[in-house]
Amino acid sequence: MKFWSQYFIPTLKESPADAEIASHKLLIRAGLVRKLGGGLYTYLPLGLRVMQKLTQICREEMERAGAIELQMPLLHPAENWVHGPRWAAAREIMFRADSAGEGKRSPREPEYVLGPTHEEIITPLVKAEITSYRDLPKNFFQIATKFRNEIRPRFGLMRAREFVMMDAYSFDATDEGSVKSYHAMKAAYEAFFRRIGATAIAVEADTGVMGGSFSHEFMVPAEIGDDDVIYNEESGYAANREKATSGLVPKDLPDAAPAGGLEEFATPGVLTIAALEAAPHSVPADRQFKTLVYVGDGKPFLVILRGCDELEETKLGSLGFTVFRPATPEEIEPVMGARPGSLGAVRGTAKNFPALAGVFADQAIRLVGNGVTGANKDGFHLRNVNVSRDLAVTKFGDFRRVRPGEPDPRSGAPLKVRRGIEVGHIFKLGTKYSEIFGAAYTDDQKQNHPMVMGCYGIGISRTLQAIIEQGHDADGIVWPWAVAPFQVLICLLDPQLPEAMELARTLGAAAEAAGAEVIIDDRAERPGVKFKDADLIGVPLRLTIGGRGLKDGIVELKWRAAKDIAKVPVAEAEAQLAAAVREGQAKA
RNA sequence: CGGGGUGUAGCUUAGCCUGGUAGAGCGCCUGGUUUGGGACCAGGAGGUCGCAGGUUCGAAUCCUGUCGCCCCGACCA
């Protein structure tokens with residue numbers, strides 16, 4: 001039992017100017033966190049209590065799923081990363097940590113980095129400690145602080161530079177075993193989000209810089225989310241926009257027959273899809289081939305899309321380059337022989353085709369069949385370009401961005417889009433890390449094999465804010481029972497009355513006996529202030545004791561989420577409060 | 001890193017265009033009156049106007065630079 005006057009809950013009437021969204025304002029107004037700097041937050045007592053609830057529930061669900069808790073350093077020797085598979089990409093978001101001593105010049109390369117995640121640490125550990133199939137599978141997890149030098153921290157805890165994450169790493173002998181571990185984690189995640197009272201849906205996702213073979217993100221639907229989820233309720237399809245695909249191109253689509261010979265025509269000053277659509281050329285965007293030049297691991301490559309489609313850059317990750325970026329005009333001209341606006345992938349038209357690492361075509365260009373593309377000669381385009389006859393395609397793939405309304409790949413029904421907050425992510429990694437770090441085991445035939453890995457993360461601190469974003473009203477936070485900093489708030493309107501204080505203690509003890517955590521607002525404040533603060537901090541169950549009610553022999557019981565207030569005779573208060581606590585627990 | 005915005009008391013801000021004593025509300029302290037949905041009265045403390053230069057008799061205000069923060073974009077739990 002805590003007494004508000006002795007505790008520390010600095011609430012604010014007004015939102016700080018730098019908070020923009022509801023959950024961020026409430027985090028600060030309700031006295032959960034305070035900002036130290038961009039993306040850095042102190043957890044005040046109330047915020048810490050919620051974090052502890054979340055970590056405990058997370059721990060329980062991970063252990064229930066068979067994962068084993070450990071704790072790794074937050075400060076990593078840089079060499080672990082330098083020798084890993086993603087140093088080039090990962091270093092961009094890592095903080096370096098070297099001696100701060102005056103006069104000690106930091107070396108060109110960092111000695112230590114602050115850990116953004118722990119594959120590079122756990123895999124060498126497992127390599128050293130586990131060598132037999134008898135010791136597999138294993139799944140290790142920790143709940144710890146992560147550091148990422150986000151280019152743009154945002155919305156309080158939503159995207160912070162320092163945040164709390166549960167991260168888990170599974171090691172299996174076989175691919176089937178790894179799939180099983182993956183599904184065990186997916187089930188554990190679902191149980192976790194259910195228990196904390198959050199709505200989070202699993203969606204198919206891109207594997208990004210993690211690499212690996214497949215993955216799901218857990219998304220909390222919210223307008224302020226950073227991600228677009230493409231979905232269709234009936235078929236159950238749900239995917240991050242970066243990963244989403246559609247049934248736009250029929251699987252049995254035959255290759256289009258050539259419509260005529262290649263013809264070059266002059267298009268002076270026409271440099272965009274839109275310009276070619278306009279008169280006098282009047283080529284619809286869906287009859288054009290768009291040719292983009294990228295640089296992957298130092299070599300240029302081409303991507304061909306329909307003129308009406310947008311590239312989903314993330315999908316280029318499937319091509320296997322460690323890092324890639326759009327090419328600059330200076331890089332394009334020597335290879336293609338033309339500047340952007342007149343580029344194409346027709347055989348024999350580029351100046352230096354062999355310099356290309358490949359020509360990757362989105363499969364939707366097959367819908368174009370015969371179309372128009374740049375001639376690799378400034379001011380000229382080609383018509384009657386036939387996909388199979390003329391384009392020098394290395395490989396077809398899915399590179400376009402899906403649009404709402406396109407057919408669901410499963411059912412053909414129109415796809416929809418909504419925003420979401422990514423609170424968790426699970427990856428089936430395969431053997432990418434185990435091969436590089438040499439994490440192998442010996443099977444019962446004395447054969448060595450790389451372990452098959454999976455990795456799994458839940459943004460605990462981000463989840464905290466997502467819960468607020470999902471559960472608030474005009475007056476403040478509405479905490480789910482399981483994660484509320486306290487479950488019962490006793491609003492003691494007249495703390496100076498000894499009998500009121502005595503009753504508050506008695507009822508508080510009764511609520512605790514029933515399994516709730518109790519805070520008594522015993523401050524010398526006016527009732528209005530206490531009610532406003534009670535709504536703001538969002539404790540699920542409020543019991544009000546006032547001198548006025550006591551004269552009539554009643555106290556009041558109110559759920560934060562509901563409007564109605566129950567008047568309860570003092571004689572029954574203990575029993576009814578205990579019953580309400582049990583009700584809250586049952587719902588959680 | 002590109003684009004936009006913003007820095008004045010613990011918080012929210014006015015003043016800046018048009019240079020001349022830095023003002024309010026909340027919060028805080030003292031006293032009093034109040035007491036069921038952010039009370040009222042009286043008194044009080046609290047500011048190097050982000051920082052550094054410059055222009056000027058004089059700069060919160062104009063100029064230059066710099067730093068922090070916020071928002072939009074690319075990335076992520």
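Every chain is numbered from 1, with letters handed out A, B, ... down the list of sequences.
Paired with Asp533(A) under the rule salt bridge (charged side-chain N to carboxylate O under 4.0 Å, His left out), one option of Arg29(A), Arg542(A), Arg526(A), Arg523(A) passes, and it is Arg523(A).
Within 4.0 Å of Asp167(A), counting heavy atoms only, lies no atom of the nucleic acid at all. Here Phe155(A) lies in heavy-atom contact (under 4.0 Å) with sugar-phosphate atoms only. In this structure, Thr463(A) reaches neither bases nor backbone, as no heavy-atom distance under 4.0 Å exists between it and the strands shown. Within the nucleic acid shown, Lys146(A) has no heavy atom closer than 4.0 Å to any nucleic acid atom. Nucleic acid contact class of Ala160(A) (heavy atoms, under 4.0 Å, all strands): base.
Put simply, CD on Glu217(A) is 12 Å from C1' on rC75(B), counting in whole angstrom units. Look at NZ on Lys25(A): it is 12 Å from P on rU12(B), rounded to the nearest Å. As rounded to whole Å, 13 Å separates atom C1' of rC75(B) from atom NE2 of His425(A). Summarising the geometry, the separation between CG on Asp226(A) and P on rA74(B) is reported as 9 Å, rounded to the nearest angstrom. Across the protein-nucleic acid pair, Glu14(A) atom CD and rA9(B) atom P stand 14 Å apart, rounded to whole Å. If you take CD1 of Ile467(A) and P of rA77(B), they are 19 Å apart, rounded to a whole angstrom. rA74(B) atom P lies 18 Å from atom CD of Glu92(A), rounded to whole Å. Atom CD1 of Ile21(A) and atom P of rC71(B) are 9 Å apart (whole Å).
With both ends at atom P, the span from rA52(B) to rG44(B) equals 32 Å, rounded to whole Å. Remark: the separation of the C1' atoms in rG54(B) and rG19(B) is 15 Å, to the nearest Å. One C1' atom belongs to rC11(B), the other to rC28(B), and the distance between them is 12 Å to the nearest Å. Between rU30(B) and rG46(B), the distance separating the two C1' atoms is 15 Å to the nearest Å. Nucleotides rU33(B) and rG7(B), compared at atom P, are 43 Å apart to the nearest Å. Nucleotides rC75(B) and rG10(B) have their P atoms positioned 40 Å apart, rounded to a whole Å. As rounded to the nearest Å, rU8(B) and rU61(B) have P atoms that lie 14 Å from one another. For the P atoms, the distance from rA42(B) to rA24(B) is 13 Å, rounded to whole Å.
Relative ring orientation between Tyr189(A) and Phe218(A) is described as tilted, the plane-to-plane angle lying within the 30° to 60° band. Ring planes of His216(A) and Tyr182(A): tilted class, angle from 30 to 60°.
The nucleotide whose nearest atom lies closest to any side-chain atom of Lys35(A) is, among rC1(B), rA77(B), rC69(B), rC69(B). The side chain of Arg161(A) lies closest to rC69(B) when the candidates are rU12(B), rC69(B), rC1(B).
Residues Pro16(A) and Ile458(A) each lie close to RNA chain B; by heavy-atom proximity, the contact nearer the 5' end of the strand is made by Pro16(A). In terms of position on RNA chain B, the residue among Arg462(A) and Arg152(A) whose nearest nucleotide sits closer to the 5' end is Arg152(A).
Within the cation-pi definition used here (under 6.0 Å to the ring centroid, within 45° of the axis), Arg49(A) qualifies as a partner of Phe486(A).
Around the CZ atom of Arg339(A), the shell of radius 6.0 Å holds no more than 12 heavy atoms that belong to other residues, nucleotides or ligands. No more than 12 heavy-atom neighbours from other residues, nucleotides or ligands sit within 6.0 angstrom of OH on Tyr112(A).
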For this session: Could you summarise the pairing of RNA chain B as dot-bracket text, marking Watson-Crick and G-U pairs under 3.5 Å with ( ) or [ ] inside the strand and | across strands?
Result: (((((((..((((......[..)))).((((((.....)))))).....(((((..]....))))))))))))....
Problem set entry | Nucleic acid footprint by protein, nucleotides 33-38 of chain B - heavy-atom cut-off 4.0 Å, B for base, S for sugar-phosphate alone | -BSBBB
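Atoms CZ and CZ, from Arg505(A) and Phe3(A) in turn, are 4.0 Å apart once rounded to the nearest 0.5 Å. Taking CG from Leu464(A) and CG from Leu48(A), the interatomic distance works out to 10.0 Å, rounded to the nearest 0.5 Å.
In this structure, Tyr169(A) and Ile121(A) have side chains that are not in contact, with every pair of non-hydrogen atoms separated by 4.5 Å or more. Looking at heavy atoms from C-beta onward, Leu54(A) lies in side-chain contact with Val50(A) at the 4.5 angstrom threshold.
Between Ser15(A) and rC11(B) there is no side-chain N or O to OP1 or OP2 distance below 4.0 Å.
Taking the centre of each ring, Phe321(A) and Phe301(A) come in below the 6.0 Å mark.
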